[in-house]
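See below for the structure under consideration.
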Amino acid sequence: MPELPEVETIRRGLANVLPGRVFARVDVYYGGSVKQPAVAEFTQTIPGQRVSSVGRRGKYLQIFLENGLVLVVHLRMTGKLLFSPTPIELDKHTHLVFTFTDGACLTFNDVRKFGTVYLLPPHRMCEIKGLACLGPEPLSADFCLEYMKAKMTKRKTSIKALLLNQEFVAGLGNIYADEALHRAGIKPDRAVISLTSQEREILYHAVCEVLHEAINWRGTTMSDYRDASGSYGQFQNRLRVYQRHGKPCLYCGERIERIVVAGRGTHYCPACQT
DNA sequence: AGCAGGACCTGATGGC
DNA sequence: TGCCATCAGGTCCTGC
């Protein structure tokens with residue numbers, strides 16, 4: 001499941017190869033992936049467009065075009081964006097193939113078909129509800145202790161649910177929410193209002209730290225995730241709790257537990273996290 | 001308003 | 001062996 005570190009790794013990969021390239025065509029094999037505009041308009045608009053830069057906001061990738069349009073991609077759980085300098089073979093889950101004038105291609109592949117693609121002018125990006133409502137980038141100055149305090153005082157939900165809420169902070173998903181809470185020593189089902197100011201501060205640093213480390217290790221590959229060149233991430237080897245239930249905590253030896261919080265499988269150490 | 005839970009979707013897994 | 005039920009999770013939608 002691509003979360004911020006995975007999407008950022010893909011962004012960096014694409015930023016090395018896409019700018020300057022010109023789309024020759026796009027072939028749509030599963031129209032459900034294209035949310036806006038209609039598929040016919042999408043396929044007619046793409047040819048001739050030159051890529052200017054590649055950005056990211058939360059888990060949304062943004063491929064900016066020189067004519068002002070933006071190609072926005074959300075990979076959800078199993079989506080992949082793969083670049084190849086030469087034409088590639090389709091598989092049964094390839095939904096879009098963008099071909100460039102030099103023969104390179106960018107494919108959108110998604111087993112679960114949850115991923116979404118938009119082509120819009122920037123002033124209409126606000127029509128993508130999830131993008132418009134995103135909270136601050138966790139690695140920017142907008143996400144700070146003052147912000148945490150202001151947003152955490154009136155909440156009745158659990159701390160895990162808050163970390164997963166993209167309106168609170170953009171880009172955390174199930175893996176890094178669990179990992180940040182373990183680093184902070186906070187049990188995932190704790191009520192937000194029960195956190196002390198010291199715990200808020202420790203959690204703030206834990207979120208930033210785990211995201212930085214995961215970006216440095218090029219993301220986490222549990223099953224589906226690949227970067228833009230098809231390579232695995234490496235952070236799965238450094239996970240402390242996620243999907244480690246039944247195994248000993250790397251810090252205290254206690255057995256990692258799995259519970260359901262906010263409707264999500266949640267992993268934590270009963271001794272380290274209180 | 002804020003929150004919880006279901007729907008979406010397919011492949012992997014486990015039980016019988 | 002084969003079939004069926006269950007589970008995984010990001011976001012949207014519905015309903016309390």
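The figures that follow rest on heavy atoms only: side chains count, while hydrogens, waters and symmetry mates do not. Every chain is numbered from 1, with letters handed out A, B, ... down the list of sequences.
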Can you check whether [X] has a side-chain N or O nearer than 4.0 Å to OP1 or OP2 of [N]?
X	N	answer
A:R155	B:dC3	yes
A:H74	C:dG10	no
A:K156	B:dA4	no
A:Q166	C:dT11	yes
A:T78	C:dG9	no
A:H93	B:dG11	yes

Calculate the interatomic distance between [X] atom [atom1] and [N] atom [atom2]; express it in whole Å.
X	N	atom1	atom2	value
A:D224	B:dC9	CG	P	17 Å
A:L162	B:dG2	CG	P	12 Å
A:D110	C:dT11	CG	C1'	13 Å
A:E167	B:dC3	CD	P	10 Å
A:I259	C:dC7	CD1	P	16 Å
A:I128	C:dT11	CD1	C1'	13 Å
A:L172	C:dT11	CG	P	11 Å
A:K129	C:dC13	NZ	C1'	8 Å

Any donor-acceptor N/O pair, A:D110 side chain to A:G115 backbone, under 3.5 Å: yes
Just by modelled atom types, is the A:T196 backbone N or O under 3.5 Å from a matching donor or acceptor in the A:E199 side chain? yes
Donor-acceptor pair under 3.5 Å, A:R264 side chain vs C:dG10 base: yes
Between the base of B:dG11 and the side chain of A:R112, is there any donor-acceptor pair under 3.5 Å? no
Under 4.0 Å, heavy atoms only, any strand: does [X] hit a base, just the sugar-phosphate, or nothing?
X	answer
A:K92	sugar-phosphate
A:Y242	sugar-phosphate
A:G263	nothing

Would you say CZ of A:R11 has more than 12 non-hydrogen atoms from neighbouring residues, nucleotides or ligands within 6.0 angstrom? yes
Evaluate whether atom OH of A:Y29 has more than 12 neighbouring non-hydrogen atoms of other residues, nucleotides or ligands under 6.0 angstrom away. yes
For A:Y251, the side-chain contact (heavy atoms from CB on, under 4.5 Å) test, sequence neighbours excluded, returns A:H182, A:R240, A:C249, A:C272
Could you say whether the aromatic ring of A:F114 and the base of B:dC8 stack, counting only centre distances under 5.5 Å and plane angles under 30°? yes
